[in-house]
Amino acid sequence: MFHNLEKNIHAAFRDGLLARFGLDTDFGLEQPRQSSFGEIAVPVAFQLARTLKQPPAKIAAELVDVVGSIPGVAAMEVAGNGYINIRFDRAAFAETVLKGDAVPASKPGKTIIEHTNINPNKAAHIGHLRNAVLGDTFVRMLRAGGRRVEVQNYIDNTGVQVADVVAGFHFLEHKTLADVAALINGAERFDFICWELYARTSQHYKDNPEALAWRASTLHEIEAGTGELADLAHLVADNIVKLHLATMLRLNIQYDVLPRESEILHLKFWAAAFELLKDRKAIYLETEGKNAGCWVMPSSAFRGDDEANEDSKVIVRSNGIVTYVGKDIAYQLWKFGLLGRDFYYRHHTLYADGHQVWVSTDHRQDLPEPEFGNGETVYNVIDVRQSYLQDVVVAGLKALGFSGQAERSIHFSYEMVALSPRCCADLGMTLSEEDAKRPYIEVSGRKGLGVKADDLMDKLVSTAFTEVALRHPEDNEAAQLAVATEIAMGALRYFLLKFTRNTVIAFDFQEALSFEGETGPYVQYSAVRARNIFRKLDARGETIPDFTTALSHEAFARHFADEDLWQFFLTASKSDSAVERATASGEPAQVAKYAFQLAQTYNNFYHQFQVLSEPDAERRIFLLWMTDFFRLQLERTLSVLGIAVPAYM
RNA sequence: GGGCGCGUAGCUCAAUUGGAUAGAGCAUCAGCCUUCGAAGCUGAGGGUUGCAGGUUCGAGCCCUGCCGCGCCCA
């Protein structure tokens with residue numbers, strides 16, 4: 001579609017630049033400000049004006065001359081003292097779209113995306129949702145572009161957060177393994193119970209600092225892997241992971257593999273990485289100062305080497321305990337297939353669509369095992385607060401001599417989800433005077449301060465359900481609920497995607513619960529409208545005409561002489577281009593923006609043209625084809641966003 | 001103290017990475033429902049892009065200095 005023609009035009013100008021000026025400059029194409037200027041603008045002449053010491057308009061004219069004719073392009077003209085404006089051959093473009101052009105060729109190499117990564121010690125909150133939705137949408141974007149992607153969800157089942165909940169159950173509440181097992185099977189959600197317990201345990205530590213000894217002994221047992229506390233840790237973490245996967249499935253988010261911290265420990269990933277780091281002199285044993293006895297990475301490795309006295313990063317503490325960064329480096333090496341060790345895997349969850357999630361294990365299984373890791377490019381979806389640690393991990397790769405992999409280790413960062421002061425009030429939280437003046441308040445799992453993911457989703461579903469039941473009282477409740485769920489999840493995914501990554505989301509119920517304006521349901525609604533036209537057609541006993549035989553080149557030329565129709569069509573043809581652009585800039589919000597723009601455009605078309613009552617036979621077929629094309633593009637774009645199209649709205 | 005990021009309409013955000021007249025939604029006001037269902041559409045008002053300089057054909061975007069806010073490291 002649009003993207004193919006775009007690529008051809010770009011290539012033609014590249015060749016032209018080489019032929020006429022002998023230059024291989026990087027340049028972009030853009031959309032002209034006004035539609036009357038044409039479909040694509042090439043601003044490259046401005047770029048060259050300085051180096052060539054010639055006026056942009058002159059360069060542009062020469063370029064147009066040397067490029068000559070491009071298939072699918074009707075005209076090129078120089079305007080605005082240097083822009084080259086390009087007009088498509090409308091009928092020819094429509095015909096290529098009608099015939100359906102090639103799907104993107106599958107690209108070599110595997111991309112690994114790690115996202116979600118929630119500590120398995122409590123219920124997921126909205127911050128985790130932003131992570132998972134961003135990660136999942138980026139996965140969908142890459143796959144739509146023909147890339148092979150593996151989705152990893154790392155499980156830190158041996159960390160401090162799990163230990164604190166285990167300590168809470170054991171020391172604070174004196175619960176046995178059997179007691180906790182009973183809670184898991186009980187009526188109340190286990191992750192919600194842990195949410196409260198985690199907050200209570202944290203508060204207890206604060207009031208009784210000596211109780212921190214609980215954490216230490218729990219961590220010790222977990223690391224050793226035996227004893228009641230270690231068993232309890234597995235019980236808690238395994239069950240909460242199941243709940244997290246179910247929560248994410250509500251939002252159409254799936255995973256391929258769950259690498260766990262426990263296997264990183266048992267399979268001695270760190271030991272392998274440690275040897276590598278020592279061998280290649282990436283870290284050294286500090287002999288003096290506050291870090292004496294620690295293995296550290298010199299600061300020059302991960303910061304500008306301007307200041308000599310900056311702090312180096314401790315990788316192994318003097319007591320021999322490895323820090324998080326150390327383990328992260330080992331895991332990152334494994335993702336690239338550079339560690340020389342591997343996990344074993346067993347089945348975890350089987351989704352209804354047949355997709356199998358695997359989880360790491362520490363011994364060989366009987367069943368044939370899949371291959372994970374060994375990626376070419378690795379994206380870590382982690383919030384911006386972890387930037388420093390991510391930099392250290394990349395510096396580790398670089399210090400080991402893996403500079404290519406270091407460059408292809410991408411911290412896919414995003415800003416946090418905070419709570420608006422009004423939202424805090426809604427939740428019945430009392431804020432300090434200082435906090436109340438802030439634009440937003442940070443979520444804190446330790447304080448139990450936050451909006452639980454499932455609570456929010458339930459609230460959205462019930463809001464949507466009320467509306468659906470009101471609009472479609474004729475349908476049964478189960479079907480109404482199914483529709484309401486799709487609308488609710490569409491609203492939530494869109495809400496989390498419409499902000500660019502480095503915008504802090506100050507969460508607000510009123511905004512998130514809105515189904516009007518720039519929202520997921522708005523886009524879903526226009527897709528439903530397009531489908532309804534075909535449903536109506538079917539109800540009248542008519543069949544969809546064969547557009548390929550019914551619409552000729554001449555017919556397209558006639559109908560696309562109408563500027564409005566042409567602009568509608570043009571917008572709809574850009575879905576692949578929008579996704580490609582968004583992928584290049586790593587910004588899923590751009591796909592969301594395009595989806596909204598596409599829906600707006602379709603709604604305009606819908607109001608401006610009555611399809612089924614159109615008296616002219618050929619024009620009616622043409623409008624039906626337009627409707628079909630809009631429907632397809634809306635569905636495709638929504639599927640990239642992971643948003644379903646409800647049966648009705 | 002050091003590092004990273006942010007500041008755009010009353011509010012929440014965009015702006016194709018330096019491009020043509022800075023755009024959307026919400027809110028406000030004025031209109032459009034015998035139905036391809038209004039979760040929609042049309043229109044109006046609302047801007048010195050925090051402030052002051054600089055770089056160039058061109059700056060919301062780049063550079064410098066302030067002011068305000070947030071996060072991370074110590």
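Proteins get letters first, then strands, A, B, ... in listed order; numbering begins at 1 in each. As a basis for the values below, the full set of heavy atoms in this structure was taken, side chains included, without hydrogen atoms, waters or symmetry mates.
If you check every strand for non-hydrogen atoms under 4.0 Å, A:F609 touches a base. At a threshold of 4.0 angstrom between heavy atoms, the contacts of A:T503 are confined to the sugar-phosphate backbone, with no base atom among them. Looking at heavy-atom distances under 4.0 Å, A:Q600 makes contact with sugar-phosphate atoms alone, never a base. A:Y440 comes within 4.0 angstrom of the backbone, heavy atoms only, and of no base. Contact annotation for A:V611: base contact, defined as any heavy-atom pair under 4.0 Å involving a base atom. Using a 4.0 Å heavy-atom distance criterion, A:V468 is classed as a base contact. Across all strands, A:R535 comes closer than 4.0 Å to no nucleic acid atom at all (heavy-atom distances). Looking at heavy-atom distances under 4.0 Å, A:N604 makes contact with sugar-phosphate atoms alone, never a base. A:V504 comes within 4.0 angstrom of the backbone, heavy atoms only, and of no base. Among the atoms of the strands shown, base atoms are found under 4.0 Å from some heavy atom of A:A41. When heavy atoms are screened at a 4.0 angstrom cut-off, A:E442 is found touching the sugar-phosphate backbone but no base atom. A:R385 comes within contact range of the sugar-phosphate backbone alone, with a heavy-atom separation under 4.0 Å but no base atom that close. Residue A:E511 is classed as a sugar-phosphate contact, given heavy-atom separations below 4.0 Å to backbone atoms only. Residue A:S585 is classed as a base contact, given a heavy-atom separation below 4.0 Å to a base.
The shortest heavy-atom contact between A:G642 and A:N252 is O-ND2, 3.2 Å. Residues A:T466 and A:S462 approach most closely at OG1-O, 2.8 Å, considering heavy atoms.
One can find a donor-acceptor pair under 3.5 Å joining the base of B:A20 and the side-chain atoms of A:N85. Evaluation of atom-type donor-acceptor distances gives no pair under 3.5 Å for the side chain of A:Q590 against the base of B:U16.
Against RNA chain B, the stretch residues 485-498 of chain A makes heavy-atom approaches under 4.0 Å through A:I487. The stretch residues 641-649 of chain A touches RNA chain B through A:M649, each having a heavy atom within less than 4.0 Å of the strand.
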Both distances under 3.5 Å, Watson-Crick or G-U wobble: on that basis, could you give the dot-bracket string for RNA chain B, with [ ] for crossing pairs and | for other-strand partners? (((((((..((((.....[...)))).(((((.......))))).....(((((..]....)))))))))))).

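Listed candidates were B:C6, B:C71, B:C72. Nearest to the side chain of A:Y388 is B:C72. Comparing atom distances between the A:T500 side chain and each of B:A38, B:A15, B:G23 picks out B:A15 as nearest. Distances were taken from every side-chain heavy atom of A:F596 (C-beta onward) to each of B:A24, B:G40, B:A14; the shortest belongs to B:A24. Comparing atom distances between the A:F46 side chain and each of B:G37, B:C71, B:C57 picks out B:C57 as nearest. If you check B:G70, B:G40, B:C36 against the side chain of A:E516, the one that comes closest is B:G40.
Between the side chains of A:Q332 and A:N380, at least one donor-acceptor pair of N or O atoms lies under 3.5 Å. Side-chain atoms of A:Q31 and A:K574 include a donor-acceptor pair closer than 3.5 Å. Between the side chains of A:Y648 and A:N532, no donor-acceptor pair is found at a separation under 3.5 Å. Between the side chains of A:Y522 and A:Q524, no donor-acceptor pair is found at a separation under 3.5 Å.
Checking the phosphate oxygens (OP1, OP2) of B:C36, no side-chain nitrogen or oxygen of A:N532 falls inside 4.0 Å. Between A:R33 and B:G23 there is a side-chain N or O to OP1 or OP2 distance below 4.0 Å. Within the structure, a side-chain polar atom (N or O) of A:R438 is placed less than 4.0 Å from OP1 or OP2 of B:G70. One finds a side-chain N or O of A:R529 lying less than 4.0 angstrom from the OP1 or OP2 phosphate oxygen of B:A38.
A:I505 places its CD1 atom 16 Å from the C1' atom of B:G5, with the value rounded to the nearest Å. Distance A:E518 CD to B:C41 P: 13 Å, rounded to the nearest Å. Atom-to-atom, OH of A:Y414 to P of B:C72 comes out at 14 Å; the value is rounded to the nearest Å. Rounded to whole Å, atom P of B:A24 lies 12 Å from atom OH of A:Y522. Summarising the geometry, the separation between CD1 on A:I9 and C1' on B:U16 is reported as 15 Å, rounded to the nearest angstrom. As rounded to whole Å, 14 Å separates atom C1' of B:U17 from atom CG of A:L29.
In this structure a side-chain-to-backbone donor-acceptor pair under 3.5 Å is missing from A:Y440 to A:V504. Using modelled atom types, no side-chain atom of A:R581 and backbone atom of A:V591 make a donor-acceptor pair closer than 3.5 Å. In this structure, A:T571 contributes its side chain and A:Q567 its backbone to a donor-acceptor pair below 3.5 Å.
Salt-bridge check for A:R385 with A:E415: failed, with every basic side-chain N at 4.0 Å or more from each acidic carboxylate O.
Remark: A:K327 qualifies as a cation-pi partner of A:Y324 under the 6.0 Å distance and 45° angle criteria applied to the six-membered ring. For A:R529 and A:Y602, the positive end is not near the middle of the six-membered ring at less than 6.0 Å and at most 45° from its axis.
Glycosidic conformation at B:U17 (O4'-C1'-N9-C4 for purines, O4'-C1'-N1-C2 for pyrimidines): syn, within 90° of 0. Base orientation of B:C33: syn (glycosidic angle within 90° of 0).
Here CD1 of A:I84 is found 11.0 Å from CD of A:E77. Values are rounded to the nearest 0.5 Å.
The neighbour count for A:Q510 CD, taken as heavy atoms of other residues, nucleotides or ligands under 6.0 Å away, does not exceed 12.
Taking atom P in both B:U49 and B:C4, the straight-line distance is 27 Å, to the nearest Å.
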